[in-house]
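The structure under discussion appears below in the form of structure tokens.
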Amino acid sequence: MTTDQEARRRAAERSRTRADDRYVFHSWSAQGAIDPLPVAGGEGAWFWDEDGNRYLDFASQLVNLNLGHQHPRLVAALQAQAGRLATVGPTFASDVRGELARLIAERAPGSRGAAGTDGAAGAAAGDDRRWRVFFTNGGADAVENAVRLARLHTGRAKVLSAYRSYHGNTTTAISLTGDPRRWPNEVSPDPHVRHFLGPYAYRSAFGARDDAEEGERALAHLREVVQLEGPGTVAAILLETIVGTNGVLIPPDGYLEGVRELCDEHGILLVTDEVMVGFGRVGEWFAVDRWGVVPDLVTFAKGVNSGYVPLGGVIIGEHVARTFDDRVFPGGLTYSGHPLACAVGVESVRTFEDERILDRVRTLGADVVGPRLREIADRHPSVGEVRGLGFFWAVELVRDRATREPLVPFNASGAAAAPMGAVVAAVKERGVWPFVHFNRLHVAPPLVTSAEDLEHGLAAIDEALDVADGYAGVAT
């Protein structure tokens, strides 16, 4: 095929994709204001469009592609399962569903295989179960069912969640969400959700001078919210272990431990949302393992199988699961534990261990990503703070380091969001696809990204921040 023929072929494919895409109703979008990029393929940490333009995926799509595009082991597992048994209903037992549940339970917080190791060290056959797993189709319905479990187990209705959080777009999940995506959905909110302020030392609501003080004051605030709401009315406190889209906010040491103690004091269940940070994102099977805290319920999705087939779930503490040994759990999903999704999940766990993914994320995060981002922050007046762990970081952009005025206003749109739009465009022009929210660039590449590709992506951000620097010191 000649160069001209190849160009015509690509143009025809692009035209066909865009024509067909007109029939797709896209999420979180004004339909007439978007022009989605047609993606033709991907491999590892890279994907490319139908014109052959390559992009380093510094967003892991939607922070779910933990093992990268087209991982050969995951693709092979999917193909093999499709050839053997493509689907089976949730009322039947499935070998891959059961195996994945066991693998997850053995690596859940507090289990012997969860302490930051890649190797399988779970409970031996015949040991008492500590966890069970309820499979869902994704993160939002995992949150919905975690709340259902907590309410039925405790006999209480209220659930507390943080501002600056995202938990999904179904009724209770969006009610629990603490960012502007909740606002237009409040026509039919869950009436028993209450919000509190979590720790955010860089923009402390509590006048804290450092992380430790921020954690103490945020915990005191939460304790007061529980007191004022009535401890005996609260079924659960649900929080993102590390706040994701809303800022990559790392909880100060002692905060999660304090929330655990508060819950224990009042018979409240602790639910950690690990949808974004579970399965290696910060170098742990679950981010909460870093602080040694054991929740009652854990929600997961995304990285469990890198999104090759939709899958999520709730890891249920045995003390909660036993509530339903003789009592019907009033919930279920047609595709709960779909064999195609679970087969990829099983192979994902094996791949994590064989390729020592947790070790490489901790090492490269500490030796490459963190130091390089701090160098970038020192060089650019538009960078207010960088923060993160492993392969999960945020670069918070400001107009003024002294006042910490954000580069763009909270929830900016249109012309007010133009400075961030210019920065993002500059990153993409350099062949890197970033994750962006409000005044932040998030660094969340696939966990298989090489050190060389990490350096390439961070260099692109470094260069693009010259655009942000042009706004530094310019008042809004």
Side-chain angles (χ1 to χ4, degrees), residues 39 41-47 57 59-90 92-108 113 118-120 122 131-142 145 274-281 284-286 298-315 333-358 360-361 391 444-449:
V39 174
E43 182 178 10
W46 294 81
F47 67 93
D57 195 346
S60 295
Q61 294 301 289
L62 286 177
V63 197
N64 63 283
L65 200 67
N66 287 17
L67 292 180
H69 295 270
Q70 299 300 111
H71 194 292
R73 290 180 59 169
L74 304 193
V75 172
L78 178 57
Q79 292 170 333
Q81 183 62 41
R84 185 171 70 87
L85 181 65
T87 189
V88 65
F92 297 94
S94 162
D95 55 354
V96 289
R97 184 192 300 139
E99 183 177 7
L100 182 58
R102 175 179 57 79
L103 292 173
I104 292 171
E106 289 173 351
R107 290 152 184 80
D118 292 288
W131 300 95
R132 298 188 220 176
V133 179
F134 176 75
F135 287 110
T136 65
N137 301 322
D141 48 354
N145 281 284
E274 295 263 352
V275 168
M276 191 171 280
V277 293
F279 294 94
R281 177 54 54 187
E284 308 284 349
W285 282 113
F286 297 94
V298 180
T299 63
F300 67 88
K302 293 185 183 285
V304 64
N305 67 357
S306 294
Y308 281 41
V309 180
L311 182 65
V314 186
I315 309 173
L333 298 154
T334 299
Y335 304 118
S336 176
H338 195 286
L340 296 182
C342 289
V344 181
V346 168
E347 193 61 28
S348 293
V349 173
R350 294 171 179 162
T351 301
F352 264 80
E353 293 172 348
D354 293 346
E355 299 185 7
R356 302 195 66 80
I357 296 296
L358 302 186
R360 83 180 308 274
V361 169
F391 276 30
L447 310 186
V448 296
T449 307

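Note that the structure is a prediction, hence the values are computed from the model and not measured.
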Is Arg350 salt-bridged to Glu355, cutoff N-O under 4.0 Å?
-> no

Ignoring hydrogens and angles, tell me if any N or O in the side chain of Arg360 forms a donor-acceptor pair with the backbone of Leu447 under 3.5 Å.
-> yes

All heavy atoms of Gly139 vs all of Ala301, minimum pair found to be N-CB, 3.5 Å

Specify the closest pair of heavy atoms between Pro446 and Gly44, including all atoms of both residues, with the distance to one decimal.
-> CG-O, 4.3 Å

Take Leu103 and Val346, measure what side chain to side chain contact (heavy atoms under 4.5 Å, CB included) needs, and give me the verdict at the end.
-> CA-CA 8 Å; Leu103 292 173; Val346 168; 4.1 Å; yes

What class does the angle between the rings of Phe352 and Phe279 fall in, given that below 30° is parallel, 30 to 60° is tilted and above 60° is perpendicular?
-> perpendicular

Does Phe92 offer a backbone N or O that forms a donor-acceptor pair with the side chain of Arg97 under 3.5 Å?
-> yes

Got a donor-acceptor contact below 3.5 angstrom from the Tyr308 side chain to the Gln70 backbone?
-> yes

Side-chain donor/acceptor of Asn137 to backbone N/O of Asp141, under 3.5 Å | no

Any chance you could lay out the side chain to side chain contact (heavy atoms under 4.5 Å, CB included) test for Val298 and Phe286, step after step, and finish with the verdict?
-> CA-CA 9 Å; Val298 180; Phe286 297 94; 4.2 Å; yes

Kindly say whether Pro445 contributes a backbone atom to a donor-acceptor pair with the side chain of Ser60 at under 3.5 angstrom?
-> yes

Is the shortest heavy-atom distance from the side chain of Phe135 to the side chain of Ile104 under 4.5 Å?
-> yes

Ignoring hydrogens and angles, tell me if any N or O in the side chain of Glu347 forms a donor-acceptor pair with the backbone of Thr351 under 3.5 Å.
-> no

Can any side-chain N or O of Arg281 pair as donor or acceptor with the backbone N or O of Phe391 at less than 3.5 Å?
-> yes

Rounded distance [0.5 Å steps], OG1 in Thr449 versus CG in Leu65 | 9.0 Å

Rounded to the nearest 0.5 Å, the CG atom of Asn66 sits from the CG atom of Asn305 at a distance of 10.0 Å

Within the side chain of Lys302, is there an N or O that forms a donor-acceptor pair under 3.5 Å with the backbone of Leu62?
-> yes

Is the closest side-chain heavy-atom distance between Leu74 and Ser348 below 4.5 Å?
-> yes

How long is the gap from OG on Ser94 to CG on Leu85, to the nearest 0.5 Å?
-> 7.0 Å

What distance do Leu340 atom CG and Arg84 atom CZ have between them, rounded to the nearest 0.5 Å?
-> 10.5 Å

Could you tell me whether the side chain of Thr136 and the main chain of Gly313 form a donor-acceptor pair under 3.5 Å?
-> yes

Could you go step by step and tell me if Val275 and Phe300 meet the side chain to side chain contact (heavy atoms under 4.5 Å, CB included) rule?
-> CA-CA 4 Å; Val275 168; Phe300 67 88; 5.6 Å; no

Do His71 and Val75 touch side chain to side chain, with heavy atoms closer than 4.5 Å?
-> no

Going by atom types alone, do His338 and Thr87 pair a side-chain donor with an acceptor below 3.5 Å?
-> yes

Between Ser306 and Leu67, is there a donor-acceptor pair closer than 3.5 Å when you use the side chain of the first and the backbone of the second?
-> yes

